[in-house]
2 protein chains.
Amino acid sequence: MSEPLTASDETAKTLRIRATSLHAQVSERLRAMIGSGELAAGEKIQERALCELLGVSRTPLREALKALANEGLIELLPNRGSRVAVFTRRQLQEAFAVMAALEGLAGEEACESANDAEIAEVEALHQELLEYYREGNAGDYFAINRAIHERIVLASHNETLIEVYRGLNHRVRAMRFSMRMDPQQWREAIEEHESILRHLKRRDGHELGVLLRYHLRNKLRDAPA
Amino acid sequence: MSEPLTASDETAKTLRIRATSLHAQVSERLRAMIGSGELAAGEKIQERALCELLGVSRTPLREALKALANEGLIELLPNRGSRVAVFTRRQLQEAFAVMAALEGLAGEEACESANDAEIAEVEALHQELLEYYREGNAGDYFAINRAIHERIVLASHNETLIEVYRGLNHRVRAMRFSMRMDPQQWREAIEEHESILRHLKRRDGHELGVLLRYHLRNKLRDAPA
DNA sequence: CGAGAGGATAATGAATTCAAAATTCAAAAT
DNA sequence: ATTTTGAATTTTGAATTCATTATCCTCTCG
């Protein structure tokens, strides 16, 4: 893993149209590295080493760092470089609360704007969710759970909402928390998801909004941090 | 206006500790210029000219541009530089909807977290609002209106929420819309504000949340854009 | 007279350079 | 032995340089 972003082969370089600017590629890459934990929270950014790893000069890397700092994923220390942002338990709870509020709006708007295919997709994911619940497969359950929430946000067709939600999602991923639930909570979560799907299919925006705004409450235990 | 960011006087330079990095100062400055309309929507960013105006080299300017692009205030055109973002009427409506959702959460949390001084401050602003309403002074009315909403968000003591809200606020300012209301709507807005204040003082988070989530609906006419 | 080719000019994107600041490390002093 | 000092080294922040791409302008040809 971690190959240079630019093709090392000269021919490939000249033949391939450069899709995006380097700083955008580096930003994307760093977000992924932070989200996956390859760059750990609090870790100092070694500019020169990262440049070498990514195969770019410091200029695009620093541009990317500034952009990510604006997103909250990187902290800039005056005259002392930058490090991966450290999130507190409180910040995680805050992000959850904001995301729940956004999902509430997304639910309302999705009921008005979603097309049938999008709703069908959520339903399909819901079936998968139930499958993993029955199997007791928590890892895949959480992945699907997240996918469902994302699909509902996408179905709002509100680009601004989608973008803001995405930013928070990046942060939450960076936090690498463990969302452990006991069987009772898990059962309740499943019931809530049943309601969510039902209201979405009925396009009952108001009720779906209420559900989503409170669905995330108390789901969080805490992060290892 | 528009003096270089760095002191031109050598003595001042050496004596004063440099507070923040150039890119941060430039970002701040550009946000203000976009918010005030000094840089108009859609306007091409002339890097060299701006550098000269701000008294910095292209490096910090470009870092700032990347950061603002991430915020949505600047558009990056591949190999063609950048321009001030152009917002559509739809994006403005989207931003309003998201802000209303965030204010709803802010209201709920403010009722739990605000201290009495913060509530008193909102009440004082509310009195000012009424004053401007009676005077028919729309300009100051909107300024105070915005201040009230901001104070409620701040009173949530949810840093993540505050930050996300602030980002949207920058965009909305950049849009320079006109929020014209007829007398009937204005009267209704005042009544809503009365309710908002009443619920805040009673710390009735649920009701305040509902109010704020729907307060902004239909407030928007449109932008000159 | 207008459309298009082609070359000059300017702007962009990224690498490199350079000064200032922080960090490291070894020697000296308590 | 531990802390302190101060020079060497590294890292950072920002300016400058350089290759590439886009834009403009003129000239030719229809």
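Below, each value reflects all heavy atoms present in this structure, side chains not excepted, and no hydrogens, waters or symmetry copies. Below, read A as the first sequence line, B as the second, and so on, with proteins coming before strands; counting in each chain starts at 1.
Taking atom CG on A:Leu50 and atom P on D:dT12, their separation rounds to 11 Å, with Å as the unit. The CD-P distance, from A:Gln46 to D:dT11, rounds to 6 Å in whole Å. Nucleotide C:dA14 holds its P atom 11 Å from the CZ atom of B:Arg58, rounded to whole Å. In this structure, CD of B:Gln25 is placed 13 Å from P of D:dG13, rounded to the nearest angstrom. In this entry the distance linking CG of B:Leu77 with C1' of D:dT23 reads 14 Å, nearest Å. When rounded to the nearest whole Å, the span between CD of B:Glu47 and P of C:dA14 equals 11 Å.
A:Glu47 has its side chain within reach of A:Leu65: a pair of non-hydrogen atoms, C-beta onward, lies under 4.5 Å apart. The side-chain heavy atoms of B:Gln46 and B:Glu52, taken from C-beta on, include no pair separated by under 4.5 Å. Looking only at side-chain heavy atoms (C-beta outward), A:Leu168 and B:Thr160 come within less than 4.5 Å of each other. Residues B:Ile152 and B:Glu103 fail the side-chain proximity criterion, which asks for heavy atoms closer than 4.5 Å.
Annotation: salt bridge (Lys or Arg N to Asp or Glu O under 4.0 Å) contacts of A:Glu28 (sequence neighbours excluded): A:Arg31. By the salt bridge (Lys or Arg N to Asp or Glu O under 4.0 Å) test, A:Glu63 is found to be paired with B:Arg62, B:Lys66, residues two or more places apart in sequence or in another chain being considered. Listed by chain and number, the residues in a ring-ring contact (aromatic ring centres under 6.0 Å, His included) with B:Tyr141 are B:Trp186 (sequence neighbours excluded). Remark: A:Glu43 engages no residue in a salt bridge (Lys or Arg N to Asp or Glu O under 4.0 Å) (not counting sequence neighbours). For the side chain to side chain contact (heavy atoms under 4.5 Å, CB included) test, residues two or more places apart in sequence or in another chain that qualify with B:Ala155 are B:Ala110, B:Ala114, B:Glu118. Residues meeting the side chain to side chain contact (heavy atoms under 4.5 Å, CB included) test with B:Ser36, sequence neighbours left out: B:Glu38. Residues that satisfy the side chain to side chain contact (heavy atoms under 4.5 Å, CB included) test with A:Arg80, not counting sequence neighbours, are A:Leu77.
A:Thr59 contributes a side-chain N or O that forms a donor-acceptor pair with the base of C:dA15 under 3.5 Å.
Comparing C:dT12, C:dA14, D:dT11 by their closest approach to the side chain of B:Lys44 singles out C:dT12.
Classification of B:Glu94 and B:Arg171 as a salt-bridged pair fails, no side-chain N sitting under 4.0 Å from a carboxylate O.
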### Message
Counting Watson-Crick and G-U wobble pairs with both distances under 3.5 Å, what is the dot-bracket string for DNA chain C, 5' to 3', using [ ] for crossing pairs and | for pairs to another strand?
### Response
||||||||||||||||||||||||||||||
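Screening residues 138-156 of chain A for salt bridge (Lys or Arg N to Asp or Glu O under 4.0 Å), with sequence neighbours left out, gives A:Glu121-A:Arg151, A:Glu150-A:Arg173.
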Might you list the N or O atoms of the protein lying below 3.5 Å from N or O atoms in nucleotides 22-24 of chain C, with each pair's distance?
from   : atom 1 : to      : atom 2 : distance (Å)
C:dT23 : OP1    : A:Arg80 : NE     : 2.6
C:dT23 : OP1    : A:Arg80 : NH2    : 2.9

Filtered N/O pairs between nucleotides 7-10 of chain D and protein, under 3.5 Å:
none

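Within a heavy-atom distance below 4.0 Å of DNA chain D, the residues of residues 61-76 of chain A found are A:Arg62.
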